[in-house]
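Below: one structure, written as structure tokens.
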Protein chains: 2
Amino acid sequence: MKKVTMADVAKLANVSKSTVSQYLNKRYEYMSEETRKRIARAIEELGYQPNIIARSLKQKTTMTIGVIVFNLLHMLTTQVLHAIEEACQERGFHVIVSNSDDDPEKEKKYIEMLRAKQVDGLIIFPTGKNADVYQKMTEERFPLVFVDRMVPGVKADAVLLDNQKAAALAVEYFAERGYERIGVVAPPPVSHIIPRMERIEGFRQALAKKGLPVVDDYFITTEIPRIQKELTRLFASGRLPEALFAINDLTLMEVLYFVKGNHIKIPDELAIISIDDVPFAHVYTPTLTTIAQPTFAMGKKAAERLFLQIAKKSEHQPQVFRFSPTFIERGSAKEKTS
Amino acid sequence: MKKVTMADVAKLANVSKSTVSQYLNKRYEYMSEETRKRIARAIEELGYQPNIIARSLKQKTTMTIGVIVFNLLHMLTTQVLHAIEEACQERGFHVIVSNSDDDPEKEKKYIEMLRAKQVDGLIIFPTGKNADVYQKMTEERFPLVFVDRMVPGVKADAVLLDNQKAAALAVEYFAERGYERIGVVAPPPVSHIIPRMERIEGFRQALAKKGLPVVDDYFITTEIPRIQKELTRLFASGRLPEALFAINDLTLMEVLYFVKGNHIKIPDELAIISIDDVPFAHVYTPTLTTIAQPTFAMGKKAAERLFLQIAKKSEHQPQVFRFSPTFIERGSAKEKTS
DNA sequence: TTGTATGCGTTATCAA
DNA sequence: TTGATAACGCATACAA
């Protein structure tokens, strides 16, 4: 119950604390076999566990990083987090996770608290609205990596999807199969949420590049809870789209719900492609053609970049990493028949 | 860049460290308005951030807890974790998450490391195979809460589903609608994975209680990758089940995949009920009847119990909390027609 | 090969 | 009201 410290071990082993310390740090070189054993025994006997907090205070490194996400429940988050945790595990780091809930205030508080806790670095899925806070960290050369979203103007490492390419992939696939009236479903574009912007804009550009009509009515960009309504309105208007591009799993769910409620046949009446490879894509009917993010690779890269910064704080060149999406052809978009 | 400490603030404000400390801990009572302001200004000017590590060393509390899960990617894990994080947030705690990957060795290492890091408590989704380690913690009265699985013989708080009831819910629903040949799909029952045992056994007992035949062939209890094969064998045998109970989301996916591959009509040819309310349940065709776990409530309870233990380590009575599942009636099981 | 002394940044105890 | 001073548990020069 009462904590046993190095001093206790030292006393029992009849050596000084420093010797025990040496032992713990595996600097056996100048230690007699004899004392080594005595110390080992003493540790065993007392059930001694080093206090890492004390060590951290001295060494100015906690071997823990912080991860602040804007939505812990999101699939992408979970998967990237998993990869981060694994990478940390390999290097003996621990990760403190915090959910900002997409609230900039919370995010800011978390950043401060985690830094007060002396984390060695931070991986942030940013709300995007604390540019000044982020900026200050980069200026202080505090190890920092953004994931999923990046923040314009802040020179920091960032790991994200090549969103433009993802949108292009969808459009090209549709175009090559004869689809012309293609719509997109997304939450409202806002300047600080980069992937959303890039996907919607990428979609628009891809359309133009393929010589396809860009019709405003086919841009359903509204809050998730309003998507049903907008979809209903669009389909009631008569000017039906032949295909829909859902920019993420959340919007996909809305589209599927709508489709189901209105008995729309996929892919014959409406083709669908979405970003995020949802786990039920292959059991759905029809199977869903999706564009997957390499979540694991992204998480791993984020962790690696952070470790790099931690290792040599000084000459680190921030870089933005764009990960290529993977097109997974399944059954929700086919050759156009009608 | 160079860390600014309390000493720096003290010097600039022309007071002693102790006074600054008082200030930081909001013990203004015996402090002149004057000094208070001077300190505030100094802190502001230097951009001082207290070092929580140092404080922890002194106070023997880190305000951080550890959460060790056996599968970070599992939906249940994510949701419970979310609730835990939220509860911690409210109390100013941080959470370190670690993935044991269902490997007892890893789990053990994590427990040791997190304790070395002086976490104030541990919430564990246990592999179940480190009974001695768990036991030692309870003996030392180290704050500990199990989630999802519990460990027989270890007297600790545990938060889990009323699995027996969940199984009964499914069986009763089937029974009342005229189903008789009911099967279950699960990974192999192993004694240290309590929920699995309870669900399978609960299923068996519910069957008996309803006077329904318990036929061994209808117990598909094998490793996930082998489920397809077993299902194929069963359906080729001629003795078809009319309904299937999938004990979790993973097995449900296997059932759905099988059903799709063999063009089996749900619910007419085969009714399905599963534990875990998968997010696509309401967009699938037919919609999926599921039995939901109150994941959020479970996470919250786990955190609360842990805080309770942290607050008064001594007279804490370990307790097992059984959470009632919620039956969500949708379309994958209906009145039997044939 | 091992021990002594000092410091890491706080908080706590006790004087002043 | 404020200030010395001693912890907290460990690591590290330096001495022995």
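Here is how names work: the chains are called A, B, and so on, in the same order as the sequence lines, proteins then strands, and each is numbered from 1. Because the structure is predicted, anything quoted here is derived from the model rather than measured. Both backbone and side-chain heavy atoms feed into the values below; hydrogens, waters and symmetry mates do not.
On a pure distance criterion of 3.5 Å, no polar donor-acceptor pair joins the side chain of S32(B) and the base of dT2(D). The base of dA4(D) sits within donor-acceptor range of the side chain of S18(B), with an N or O pair under 3.5 Å. The base of dT10(C) sits with one of its N or O atoms less than 3.5 Å from a complementary donor or acceptor on the side chain of K17(B).
For dG3(D), one of the phosphate oxygens OP1 or OP2 lies less than 4.0 angstrom from a side-chain nitrogen or oxygen of S16(B). Contact check, K58(A) against dT6(C): no side-chain N or O comes under 4.0 Å of OP1 or OP2. Between N25(A) and the phosphate of dA11(D), there is a side-chain N or O to OP1/OP2 separation shorter than 4.0 Å.
Looking at heavy-atom distances under 4.0 Å, Y48(A) makes contact with sugar-phosphate atoms alone, never a base. V15(B) comes within 4.0 angstrom of sugar-phosphate atoms only, judged by non-hydrogen atoms across all strands, and of no base. Heavy atoms of S56(A) sit nowhere under 4.0 angstrom from any nucleic acid atom. At a threshold of 4.0 angstrom between heavy atoms, the contacts of S21(A) include nucleobase atoms, whether or not backbone atoms are also involved.
Separating the CG atom of D8(B) from the P atom of dG9(C) is a distance of 9 Å, rounded to the nearest angstrom. If you measure from atom CG of N51(A) to atom C1' of dG9(D), you get 6 Å, rounded to the nearest angstrom. Rounded to whole Å, atom C1' of dG3(D) lies 10 Å from atom CD of Q22(B). Computed from coordinates, the R55(B) CZ to dG9(D) P distance equals 18 Å when rounded to whole Å. Atom CE of M63(B) and atom C1' of dT10(C) are 16 Å apart (whole Å). The NZ atom of K11(B) sits 12 Å away from the P atom of dG9(C) (whole-angstrom rounding). What separates CE of M6(A) from P of dC8(D) is a distance of 13 Å, to the nearest Å. Rounded to an integer number of Å, the gap from NZ of K117(B) to C1' of dC10(D) is 16 Å.
Of the two residues near DNA chain D, T19(B) and K60(B), the one whose nearest nucleotide lies more 5' is T19(B).
Ring orientation note: the planes of Y110(A) and H94(B) are tilted relative to one another, at an angle of 30° to 60°.
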message: Working note: I96(A) + I96(B), criterion side-chain contact (heavy atoms from CB on, under 4.5 Å); need CA distance, chi angles, decisive distance, verdict.
response: CA-CA 4 Å; I96(A) 296 182; I96(B) 295 182; 3.6 Å; yes
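Here the nucleotide nearest the side chain of T5(B), chosen from dG9(D), dA11(D), dG9(C), is dG9(C). Nearest to the side-chain atoms of L57(A) among the listed nucleotides dG9(C), dT4(C), dT11(C) stands dG9(C). Comparing dG3(D), dA11(D), dT11(C) against the side chain of Q59(A) picks out dA11(D) as the nearest.
Cation-pi check for R149(B) over F70(B) is met; the charged atom lies under 6.0 angstrom from the ring centroid and within 45 degrees of its normal. R115(A) forms a cation-pi arrangement with F142(A), by the criterion of a distance under 6.0 Å to the ring centre and an angle within 45° of the ring axis.
Formation of a donor-acceptor pair under 3.5 Å by the K117(A) side chain with backbone atoms of M63(B) is found in this model.
Two residues are said to be in side-chain contact when any heavy atoms from C-beta on lie closer than 4.5 Å; L306(A) and F93(A) fail this criterion.
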